[in-house]
Every structure is written in structure tokens, then in C-alpha cells.
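Only one structure is covered here, and it is reproduced in the block below.
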Number of protein chains: 2
Amino acid sequence: MSHSGTLRLMAVDREHVLKEAAGLLTRKATAGMDEIAKAAGISRATLHRHFAGRDALIKALEELGIAQFGGALDAARLDEDDAVTALRRLITEAEPVAGFLAFLYTENQLFEGEQTNDGWARLDARIHALFRRGQEEGDFRIDLTPVWLTEALYGLIGAGAWAVHEGRVARRDLDHSIAELLLGGIRRSMEK
Amino acid sequence: MSHSGTLRLMAVDREHVLKEAAGLLTRKATAGMDEIAKAAGISRATLHRHFAGRDALIKALEELGIAQFGGALDAARLDEDDAVTALRRLITEAEPVAGFLAFLYTENQLFEGEQTNDGWARLDARIHALFRRGQEEGDFRIDLTPVWLTEALYGLIGAGAWAVHEGRVARRDLDHSIAELLLGGIRRSMEK
DNA sequence: CCCGAATGAGACATCGACGTCTCACGATTT
DNA sequence: AAATCGTGAGACGTCGATGTCTCATTCGGG
């Protein structure tokens, strides 16, 4: 059937457009539809044929971000090994999508009125579980809640991505910087 | 001279308008000039009499933010006591203005083209100095750069303010949560 | 080779936010 | 009381981004 073939091609193109849009908006959050179209290598008209409007595009990007971050969580295998090792893997896997996530993060707070996508809550829950496991296994301190630890992780990943974007931190140091600070804190430890 | 008297009154009103604008924009970053005027209790016309336009208003807000954060740094007395204690004071003093700072932070990245205000660099330098002192005095680890520690501090304060705004963290726990995580990290310490 | 679907280019209308202007009102000063 | 100043209300024009539409072109399958 040429019909399903057409649909498949559309889907592929859609995916490609989304990726390009994500890359552009990560660098320039205020990019307009014309710039997004140009970045994706298509015309503004075709962009509107794929996505009903800017809102629909952002929604689709949110889904993409959720899927990508979910994939990072999968790749990090959060319930294998000890929680410290799993957290290190999480940071490594999340770093490539950190900039895009930061964009969606700030974009969400501009919607303000509408309900946030359930996908984020599900991702949050997986990270909460990691921190809880670390606490139960005695690796993590218990005087800070998993909710706060999750927020702090997001904050540090976002700050790190931004610092790299601004050239204040080298990308190759990022994983290590985030993981070491988050795990050990600023204080010089006695045990070393 | 009634002239200088008029100027003084204008300045006072200006200050008041700026404070109200800061409060509103902290809650709703997309607020328009009409909403800002209403929040300040003046008409849109008068708002334009005080500030040439939205850009000028944002610039003035940036100055206010720099002044407020600078005041927080002063109040924290960064070069007294040991660096750990000073950092704790800094977090406590910075927390009330964290939301507003976060707004300016995200607002700055939308300008993108223009140069950033020197004031931020001066504030950064003061915090760098605190971290450097902590390293030199042996309180802070030396494998993380003061630049990264500063970015991380900003990230955690911003994430904390947002978490409070979202109701995920209690405001009264914020200081403690930020300071403990930043200083000690997630890992359960052996020394306790 | 022919036909249809998808695309690109551009014109066009819409919409919201912004900035400017005018006018009338109230308060303060003289 | 008269003049002046600051203000509020609102109309008006501008501008950029968005969304829709048309039409010529191109590409691929039949």
C-alpha cells in the first residue's frame, strides 16, 4: 500500500523536524516558526502541514523530551548496582539532553495555566525511587527528601548545561563535576 | 526648589513600581505592561512616563536585582568566620531574592545578542573569592573549580526557589536543604 | 510520458503587545 | 480663585509573529 508508505515517510520527516527544532530552540529559545523551518530544511508552509501551530509543535517537543529523558533513564539502569553507581550513570546519560530539557523546563513555566504533562511525573517517580533506594541501602543520607534531591539533580544538570553553553565549564568535565558535587558536596571530606 | 523635590518623589515612586514589577514578573514572567501597571497601582500611561519602554523597565529591574543580590552578599559578610559559615549565611540571605534572580536569569538568555551587565560579573567574583578562600583554608575540596561551584550554587538556589514555588518543598526547609546538600552532598558521610 | 501528491515561495489577514498621543480630572501651589 | 502638574482613561497607529491561502514547481509512481 502506498498509503502506509506515505505515512511512514511523514513520520520520519516529522521526527527529523522535531530533532532540528529541538536543537535550534535549545540554542535560541525565542526562535520563530520561520527560523525553525529553515533549521529543519523545509518551508514554513510545510512546517505548518506537519504541526497545526506553534503550540502543537511545543507539545510534540515535550513528548520528544519525555521520550529522550525516559530513554536516558532506561540506559542508566537505575535499579542495577548500588545507587551511587546508578546515579553516576544517570548523570552521564542525561547530560546530552540536558540543554533541551532546560528549554522545555523554562517553556513549561510560561504556560502556567495549563496542566503539566503526566510524563514528567512518571520520570520524576523513577528518580525518586532511585534516591529512596539509596537511602534504604544506607548509601544516601536520609535527612534530605527524595523530592528535594530530585529537584537538586535537575538544578545541577541544568546549571551545568548552561555553564557549558556559556563556555564557563568544559563539556568533558561536566559529568564529573555534577556527580562529584552532588554526591560529595563542597566540603572537604575527612576520609580522603 | 520644587524641582528637586519633584525628582525625589518620582524616584520613590519608581522604586515602588520596580518592586511591584519584580514581584509580579517573578510569579508570571510573561506579564505585559498593562498587568505590570495594574500590579503597581498606576496606569499604563504613567508606567511609560517612568520607563521609556519594556526594555528600559527590564534594564532597571536588572539593576535592582544586582543591587538586591549585592545587598545579600553584604549582609552575608562573606569574608568573616570560616567559609562554611559564610556560605550558610549567603544561602540564607540570598533565598528571599532567589525567585526574582531566577527570573532575571532566564530573561537574560532571551536577550542573547547583547552584552550582559558587568554587575553580574562583579557579584560572581565575590562568590568565587569565597569558594577560593574555603579551598585555601582547607574547608572546601580543591578538585572542583570556584567557577563551577558558583554555577552550582546558583543552580541549587534557583531549583530551590522553583521547588518552593511549586509547593514541592516547604519554604522553611529551603535554607537547610540547599546548604546541607551543597556542603555535604547526597552521600551518607562516614564521620557521623 | 502523464498524473497526483507534496513542497516551496509568497501574498494576505489576524492578533496581541507595545508605544504614542490627546483630553479631562483632581490635587497642589500660588 | 487661577494656574500648573501629575495622573487616568482611552483611542490610535505600529510592528512582529502567527496562521491561512493560492499557485507554480517538483518528484515519484503508474
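All values below were derived from every heavy atom in this structure, side-chain atoms included, with hydrogens, water molecules and symmetry-related copies excluded. Note on naming: letters A, B, ... go to the chains in the order of the sequence lines (proteins, then strands), and numbering restarts at 1 for each one.
The separation between Lys38(B) atom NZ and dA17(C) atom C1' is 15 Å, rounded to whole Å. The interatomic distance linking Ile36(B) (CD1) with dG19(C) (P) rounds to 10 Å, in whole Å. Taking atom CG of residue Asp55(B) and atom C1' of nucleotide dC15(D), one finds them 14 Å apart after rounding to whole Å. One atom, CZ of Arg54(A), and another, C1' of dC15(C), lie 15 Å apart when rounded to the nearest Å. The distance between atom CG of Leu47(A) and atom C1' of dA6(C), rounded to the nearest whole Å, is 15 Å. Taking atom CZ of Arg44(B) as the reference point, atom P of dA17(C) lies 11 Å away to the nearest angstrom. Atom CD1 in Ile58(A) sits roughly 15 Å away from atom P in dA17(D) (whole-Å rounding). Atom CZ in Phe51(A) sits roughly 15 Å away from atom P in dT18(D) (whole-Å rounding).
In this structure, the nucleotide among dG8(C), dA11(D), dT7(D) sitting nearest to the side chain of Thr46(B) is dT7(D). Here the side chain of His48(B) is nearest to one of dG19(D), dT7(D), dG19(C), namely dG19(C). Of the candidate nucleotides dG19(C), dT7(D), dG8(C), dG8(C) has the atom lying nearest to any side-chain atom of Arg49(A). Comparing dA11(D), dT7(C), dT18(D) by their nearest atom to the side chain of His50(A) picks out dT7(C). The side chain of Ala45(B) sits closest to dG10(D) out of dG10(D), dG8(C), dT18(D). Distances from the side chain of Asp13(B) to the nucleotides dT7(D), dT18(D), dC18(C) place dT7(D) closest.
Applying the 4.0 Å criterion to OP1 and OP2 of dA9(C), one finds that Ser43(A) has every side-chain N and O outside that range.
Arg171(A) CZ: 12 or fewer foreign heavy atoms inside a 6.0 Å radius.
Side chains of Phe140(B) and Arg133(B) form no contact here, defined as non-hydrogen atoms less than 4.5 Å apart. By the 4.5 Å heavy-atom criterion applied to side chains, Ile91(B) and Leu153(B) are counted as neighbours.
Ser177(A) contributes atom OG, which lies 10.0 Å from atom CZ of Arg172(A) (distance to the nearest 0.5 angstrom).
Defined by atom type and a distance below 3.5 Å, a donor-acceptor pair is present between the side-chain atoms of Tyr105(A) and Trp162(B).
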